[in-house]
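What follows is a short report on a single structure.
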Protein chains: 2
Amino acid sequence: MAGRVPDEKVFDAVLAVIAQQGYERATTRAIADAAGINEATLFRRFTSKENLLRQAVRGNFKGFALDLGSPGDDVEADLVTIVSYYARLYETRGGVVLTLMREAKFSPEVAAVLAEPEKLLERVDEVILHHQRRGALVVEPPRHTFFALVGPLMMRSLARRVDRRATQAPADPVAVVRRFLDGHRPVGA
Amino acid sequence: MAGRVPDEKVFDAVLAVIAQQGYERATTRAIADAAGINEATLFRRFTSKENLLRQAVRGNFKGFALDLGSPGDDVEADLVTIVSYYARLYETRGGVVLTLMREAKFSPEVAAVLAEPEKLLERVDEVILHHQRRGALVVEPPRHTFFALVGPLMMRSLARRVDRRATQAPADPVAVVRRFLDGHRPVGA
DNA sequence: CTCAAATGCAAGTGGGCACTTGCACAAGTG
DNA sequence: CACTTGTGCAAGTGCCCACTTGCATTTGAG
């Protein structure tokens, strides 16, 4: 029997508190208040804070599947698919993602939560390798290419949280990719 | 009279602990141990943890002065100066910098610490604006240009801490700038 | 050598937080 | 209606951490 406040609502509250307070400052009391639930109930239902956060974060990534079909002849199209995904991810969930990346260094559990996104990255690698072999991209370690491509997006998300002067406008994936391609075509192509 | 362990050594210990444990997890005890100093002495000399961290971080950035003369006719040269600086910064102090950026959102004190690097950024803005006016760069918000330029560097530093597959090799500033310029020259130029 | 100032050491204080517990109440189930 | 199960509430426990304090010891300057 789920309680009166459904788990999903509690998870939403968790993410809201994380985004606002940061991961380590997200207290169970604040989460309980945000969820409109008693703190004791939180522990009765979710056992521990750690377990609660893990469930909340995992659920948060579920809606963010990227369907990477097999890569085709069109570099630009394939990269736009990738960039669009990450742009959306960082714009809506950037705070949580970056918090997790930082936390992953210290916490094995958080690192485990990132294992799933990591699998996605491996498929992105394949797409990049495919186009490198086709001669459409400079040959270099695919993760290197990936970060050159997606790095500015992440930085904008991060900067938005630090620097008020940073651009608030969402990135245009097509423009990002075109610009990237101008600098990453092989010499002879 | 400075104590036997000079302040600088203590600051180094602070930064080491921050980079390894994160800002909030950096306990005064850990710092004291790392510095080979007594915890009580830490407070007698530096008053509070907050003050200690501030001094440490500030001192950390001091050695990293970037001498940005007035910008000239050579976009590539000017950008290479900037990129070299940030490449060096992220490669040697990347852990601390990114930790601070993350934490700045929640902690006014950390944000205050970042105010100084912020001034540097303003001068970088000027350089970028100068070259935009000269027609050597796409016209866009300078911070946008900055993150497109430096973003991949920061990402590599961050990724190195999360992802074992990430490139370990230092970035080549000239190559980074050339690639960037290929994608950021104005249409007619 | 002398003395004041800084340090090491060990114990303690107070506050915040994760987590617990006992009890009264509410709600769904048969 | 009786009964089980989950919840709110309030108090409490134990831990960790920033910060303090009293005292013996060290250290460096004159």
Side-chain angles (χ1 to χ4, degrees), chain A residues 1-58 99-100 102-103 105-110 112-113, chain B residues 1-58 99-100 103 105-113:
Chain A
M1 315 263 155
R4 229 182 20 216
V5 175
D7 288 5
E8 279 192 4
K9 293 289 176 191
V10 178
F11 295 157
D12 286 348
V14 170
L15 295 171
V17 174
I18 288 183
Q20 193 189 354
Q21 306 284 337
Y23 195 94
E24 314 222 338
R25 295 195 179 195
T27 69
T28 51
R29 179 161 313 175
I31 292 170
D33 288 349
I37 209 179
N38 194 273
E39 194 182 352
T41 305
L42 220 52
F43 286 95
R44 283 191 276 244
R45 278 169 62 176
F46 302 101
T47 313
S48 71
K49 179 188 178 185
E50 179 199 321
N51 182 46
L52 169 62
L53 296 199
R54 174 156 44 202
Q55 286 189 50
V57 171
R58 192 161 293 170
T99 298
L100 292 178
R102 188 180 78 85
E103 212 79 19
K105 193 177 149 201
F106 312 119
S107 156
E109 295 99 30
V110 177
V113 169
Chain B
M1 320 262 150
R4 227 181 26 216
V5 174
D7 288 5
E8 282 192 3
K9 293 289 177 191
V10 179
F11 295 158
D12 286 348
V14 171
L15 295 171
V17 174
I18 288 183
Q20 194 188 355
Q21 306 285 333
Y23 194 92
E24 313 224 341
R25 294 194 185 195
T27 68
T28 51
R29 179 162 312 176
I31 293 169
D33 289 349
I37 210 180
N38 193 274
E39 195 183 352
T41 304
L42 220 51
F43 285 94
R44 283 192 275 245
R45 278 170 62 176
F46 301 100
T47 313
S48 70
K49 178 188 178 184
E50 179 199 324
N51 182 45
L52 170 62
L53 296 198
R54 176 155 43 203
Q55 285 190 50
V57 172
R58 192 162 293 171
T99 298
L100 291 180
E103 224 105 9
K105 188 182 156 201
F106 314 116
S107 157
E109 297 102 32
V110 178
V113 166

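Throughout, a chain's letter reflects where its sequence line sits, starting with A, and its residues are numbered from 1. Only heavy atoms go into these numbers, but all of them, side chains included; no hydrogens, no water, no symmetry mates.
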[X] [atom1] - [N] [atom2] separation (whole Å):
| X | N | atom1 | atom2 | value |
| --- | --- | --- | --- | --- |
| L42(A) | dC9(D) | CG | C1' | 15 Å |
| D7(A) | dG6(D) | CG | P | 13 Å |
| Q21(B) | dC16(D) | CD | P | 15 Å |
| N38(B) | dA24(D) | CG | P | 17 Å |
| R44(A) | dC23(C) | CZ | P | 14 Å |

Could you grab the distance from atom [atom1] of [X] to atom [atom2] of [Y], nearest 0.5 Å is fine?
| X | Y | atom1 | atom2 | result |
| --- | --- | --- | --- | --- |
| L42(A) | D33(A) | CG | CG | 10.0 Å |
| E39(A) | R44(A) | CD | CZ | 11.0 Å |
| F46(B) | T28(B) | CZ | OG1 | 12.5 Å |
| R45(A) | D7(A) | CZ | CG | 5.0 Å |
| T47(A) | Q55(A) | OG1 | CD | 8.0 Å |

> Would you find more than 12 non-hydrogen atoms of other residues, nucleotides or ligands less than 6.0 Å from K9(A) atom NZ?
Replying inline: no
What pairs of nitrogen or oxygen atoms, one from the protein and one from nucleotides 15-19 of chain C, lie under 3.5 Å apart?
from: dA18(C); atom 1: OP1; to: K49(A); atom 2: NZ; distance (Å): 2.9
from: dA18(C); atom 1: OP2; to: T28(A); atom 2: N; distance (Å): 3.1
from: dA18(C); atom 1: OP2; to: T28(A); atom 2: OG1; distance (Å): 2.8
from: dC19(C); atom 1: OP2; to: K49(A); atom 2: N; distance (Å): 2.7

> When the nearest nucleotide of DNA chain D is assigned to A40(B) and to I37(A) on a heavy-atom basis, which residue is associated with the more 5' position?
Replying inline: I37(A)
>> So if I take every side-chain heavy atom of R4(B) and compare against dT7(D), dG28(D), dT21(D), which nucleotide ends up nearest?
In response: dG28(D)
